[in-house]
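One structure is given below, encoded as structure tokens.
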Amino acid sequence: MRRTVAILTGNPLSLLGMGLVSFVILAAALADVIAPYPGHAGAVVDFANANRPPGADYWLGTDVVGRDVLSRILYAYRVALGLGLVVLSIAPPIGVAVGLMAGYIGGWTDYVLMRITEVFLSIPPLVLALAIMGVMEPTLLNAMLAVTAMWWPWYARLVYNITRGEKVEGYVLAAEIIGASKAHVMFREILPNCVPAIVTKMTLDVGFVIIIASSLSFLGLGVQAPTPDLGSMVSEGTRYLPDSWWLTVFPGLAILVAVFGFNLIGDVLRDVLEPD
Amino acid sequence: MPPPETAFTGNDRPVVTILSRLLRRLVSTLLVLFGVSLLIFLIARVIPGDPARIALGPRASEEQVEAMRETLHLNEPIIVQYAFFLGDLLRADLGISLYSNRPVMTDIAEYLPATLELVFLAGFLMVSLGLPLGALSARYRDRWPDDLIRLLTLLSVSAPSFVWAVGMVLAFSFAIPLFPIAGRISETIDIQVVTGFLLVDTIVAGRPDAFVSALHHVILPAFALSLSGIGQAARLTRTNMIATYEQPHVEMARAYGFSERDISRRYAFKPSLIPSLTVIGLDFAALLGNAFLVEVIFAWPGISRYGVGVILQKDLNAIVGTVLIISATFLIANIVVDLLVSVINPRIRLSEHGK
């Protein structure tokens, strides 16, 4: 653990990553305090100041109804991180349980569970989420459900592959010989060995959840107006290209900054936690 | 359907021929496709509200709705409903789209080729740029070309494809007007649609000018679509090649005095291709999904506008049909990748779990 922290803080790339991620988290947490126009997160119109290019009053410009782009980006970070947090606290436990059971118990449990996992994996992620959103009302909660439904199989497969390797190891055999229950072997013996891979994947996945969620709302099927969302901001802005370029470029950059930050950390973390 | 324990012991059997490998893949693919149809059917049925009422709209009478329920078999138990659905599916009948009032199959046949053209070109870019970049990165491991490639590829996977599409349009259509802003082909060109793939149709029609125009239109969207794929493919190839570099046969080649160039190409790249290609097959799924995003920016007349349209209209038949066809396309692409892999390495054995 101490070694991990040392390597993370000693590597320039992961330092950059941590800088970007702290910036994003602080921006989301302190949006109420630092946003120049906190009211602009909602359904506000100020036509007198509509379509202002970036300048002293509005650092990143204003949109077609006169709302401050910077303020909306700060609040959109809040939505994006919240969504990531929810998805990544539901999907991995489901996937881990499925992967452990399929890998350790084997036989028909393995066959059935992994075929189900495969079915989920063979629908393109975005398309599966689209289909789910299609039959449900497009709300923030449903967006989280849709993204979660497409996320757990990746953890199931990851943990399954590790479990298959671990279950023939001596320590598992030893636990079985002294009569440990299946649940004990799975969750107390094998699971700890899956943790590094799971943690790495979760770090990288914060970024991917942000990408998928913004893609859904870009298509008009995610977070709904007037809640600020990076994907819908880009989507609205494309109608005013190239003149009002700031409406698409800044929300797009905001996505890039956040995801890049998490990816940088995840990448270094992978090198440290999974040296093979 | 043997349990996987027996499937796993298959590794000591003699070489499995490509044909039987293809056959087994087809069977397992059909099984998965069956599962996909069940999953999509269930998703479409958990919809709150009455599908018949949604289809007819709020002004339809109670009798009309009841009649519709009867035609759609909605009064039967859910298993019977699924059986009807599956029966239609086997006859390639996906029902009528409420959005366009045409058979869903006709709609998809019209829109899918444009999407596939984009996706295939993006897939080609992903492999032809991603693999060499990854190989270069591995060869110069931990030196500046490696650092640069790693940073760029990490950046490329850090934004959704619609952000790259916006960036490309701003840079190469507006700022430097090199490429067209939208569409598939110049409006003044009239081409007989045969396959729906314009790059093919223009050649069939013997119109080099039209072919150039179509190519000119598809390059920018395809590149925007492939950007994260290129990054992913490069990162993956690098990881696999570095693992290969550490194997004894590379050390031996060095000891014999082969040049680094030869070692990189013949002894490190080729064996690394196999695991890379398998995962790239999975990335194809991402391309198909992301095509939705890129098409919107470039006003590309593919499946995206139709797909989003039917979703907003809650057009169940069309939603189910679109998802099924896209999944089937993805599964077929994976079989092709699998065959490619077995051509590269004929000794590779079929393992349902090795993927």
Side-chain angles (χ1 to χ4, degrees), chain A residues 13 106-108 110-111 114-116 118-138 157 160-161 164 207-208 210-212 214-215 218-221 231 234-235 237-238 241-242 245 248-249 251-253 255-264 267 276, chain B residues 1-5 28-29 31-33 35-36 38-40 43-48 150-151 154-155 157-163 166-167 169-170 173-175 243 282 285-290 292-293 296-297 304 307-308 310-312 314 316 319-320 322-323 326-327 330-331 334 352-353:
Chain A
L13 286 182
W108 284 99
D110 173 344
Y111 197 75
M114 290 324 282
R115 284 304 84 70
I116 295 175
E118 229 169 82
V119 165
F120 274 88
L121 287 174
S122 57
I123 305 177
L126 190 57
V127 176
L128 178 59
L130 279 175
I132 296 174
M133 290 304 283
V135 297
M136 301 200 294
E137 290 307 311
R157 201 167 59 168
Y160 172 80
N161 285 333
R164 288 205 63 98
F208 289 128
I210 294 176
I211 286 185
I212 291 285
S214 68
S215 302
F218 173 78
L219 293 172
L221 294 163
V234 174
S235 164
T238 50
L241 282 175
W245 53 270
T248 45
V249 169
L253 273 179
I255 299 175
L256 184 65
V257 164
V259 179
F260 190 49
F262 281 106
N263 280 351
L264 279 171
D267 220 33
D276 47 3
Chain B
M1 293 195 297
E5 260 70 7
S28 89
T29 300
L31 205 71
V32 171
L33 204 56
V36 171
L38 186 62
L39 175 67
I40 296 303
I43 290 176
R45 282 295 178 273
V46 298
I47 182 171
R150 288 182 78 184
L151 199 66
L154 195 64
L155 256 179
V157 297
S158 296
S161 48
F162 64 86
V163 169
V166 167
V169 167
L170 274 173
S173 296
F174 289 119
L282 282 175
L287 285 185
L288 273 169
N290 289 337
F292 272 74
L293 307 168
V296 173
I297 303 277
S304 163
V308 174
V310 298
I311 284 171
L312 290 175
K314 302 236 180 284
L316 287 187
I319 295 176
V320 170
T322 310
V323 175
I326 289 183
S327 304
F330 163 59
L331 287 170
N334 266 299
E352 305 290 342
H353 296 262

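Throughout, protein chains are lettered first and strands after them, A, B, ... in sequence-line order, and every chain is numbered starting at 1. Every heavy atom of this structure was used, including side-chain atoms; hydrogens, water molecules and symmetry mates were not.
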Output the distance between atom [atom1] ([X]) and atom [atom2] ([Y]), rounded to the nearest 0.5 Å.
X: L38(B); Y: L33(B); atom1: CG; atom2: CG; result: 11.5 Å
X: L170(B); Y: I297(B); atom1: CG; atom2: CD1; result: 9.5 Å
X: L130(A); Y: L219(A); atom1: CG; atom2: CG; result: 6.0 Å

Segment of [X] engaging chain B (4.5 angstrom heavy-atom cut-off):
X: D267(A); result: side chain
X: S215(A); result: both
X: L128(A); result: side chain
X: L221(A); result: side chain
X: F208(A); result: side chain
X: L13(A); result: side chain
X: V257(A); result: neither

Inset, instruction - Could you list the residues that satisfy ring pair (Phe, Tyr, Trp, His ring centres under 6.0 Å) with F218(A), not counting sequence neighbours? - result: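 Checked F218(A) against ring pair (Phe, Tyr, Trp, His ring centres under 6.0 Å); matches are F162(B).
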Legend entry - Shortest non-hydrogen contact from V234(A) toward P251(A):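 So the minimum-distance heavy-atom pair works out to CG2-CB, 3.8 Å.
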Legend entry - V259(A) to G207(A) - nearest heavy-atom pair and separation: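 Looking at all heavy atoms of both residues, the closest pair is CG2-O, 3.6 Å.
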Quick check on [X] against chain A: is it the side chain, the backbone, both or neither that has a heavy atom closer than 4.5 Å?
X: V308(B); answer: side chain
X: V157(B); answer: both
X: F174(B); answer: side chain
X: V166(B); answer: side chain
X: L155(B); answer: both
X: L151(B); answer: both
X: I319(B); answer: side chain
X: V323(B); answer: both

Legend entry - Non-hydrogen side-chain atoms of F292(B) and V296(B) separated by less than 4.5 Å: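 F292(B) vs V296(B): side chains apart.
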Legend entry - Main-chain N/O of I211(A) paired with S214(A) side-chain donor or acceptor, under 3.5 Å: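 Yes, the answer is positive, given that a donor and an acceptor are paired below the 3.5 Å cut-off.
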Legend entry - Check: S158(B) side chain, L154(B) main-chain N or O, donor-acceptor pair, under 3.5 Å: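 Checked: pair present.
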Inset, instruction - Could you tell me which of G307(B), A175(B), A243(B), G289(B) has the largest number of non-hydrogen atom pairs under 4.5 Å with chain A? - result: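 So the answer, after comparing G307(B), A175(B), A243(B), G289(B), is G289(B).
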Legend entry - Options L39(B), L288(B), V163(B), ranked by heavy-atom pairs under 4.5 Å with chain A, top entry: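 The answer is L39(B).
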Legend entry - By side chain to side chain contact (heavy atoms under 4.5 Å, CB included) - contacts of T29(B) (at least two apart):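 So T29(B) forms a side chain to side chain contact (heavy atoms under 4.5 Å, CB included) with R25(B), L331(B), I335(B).
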Legend entry - side chain to side chain contact (heavy atoms under 4.5 Å, CB included) between L121(A) and F330(B), worked out: CA-CA 10 Å; L121(A) 287 174; F330(B) 163 59; over 6 Å; no
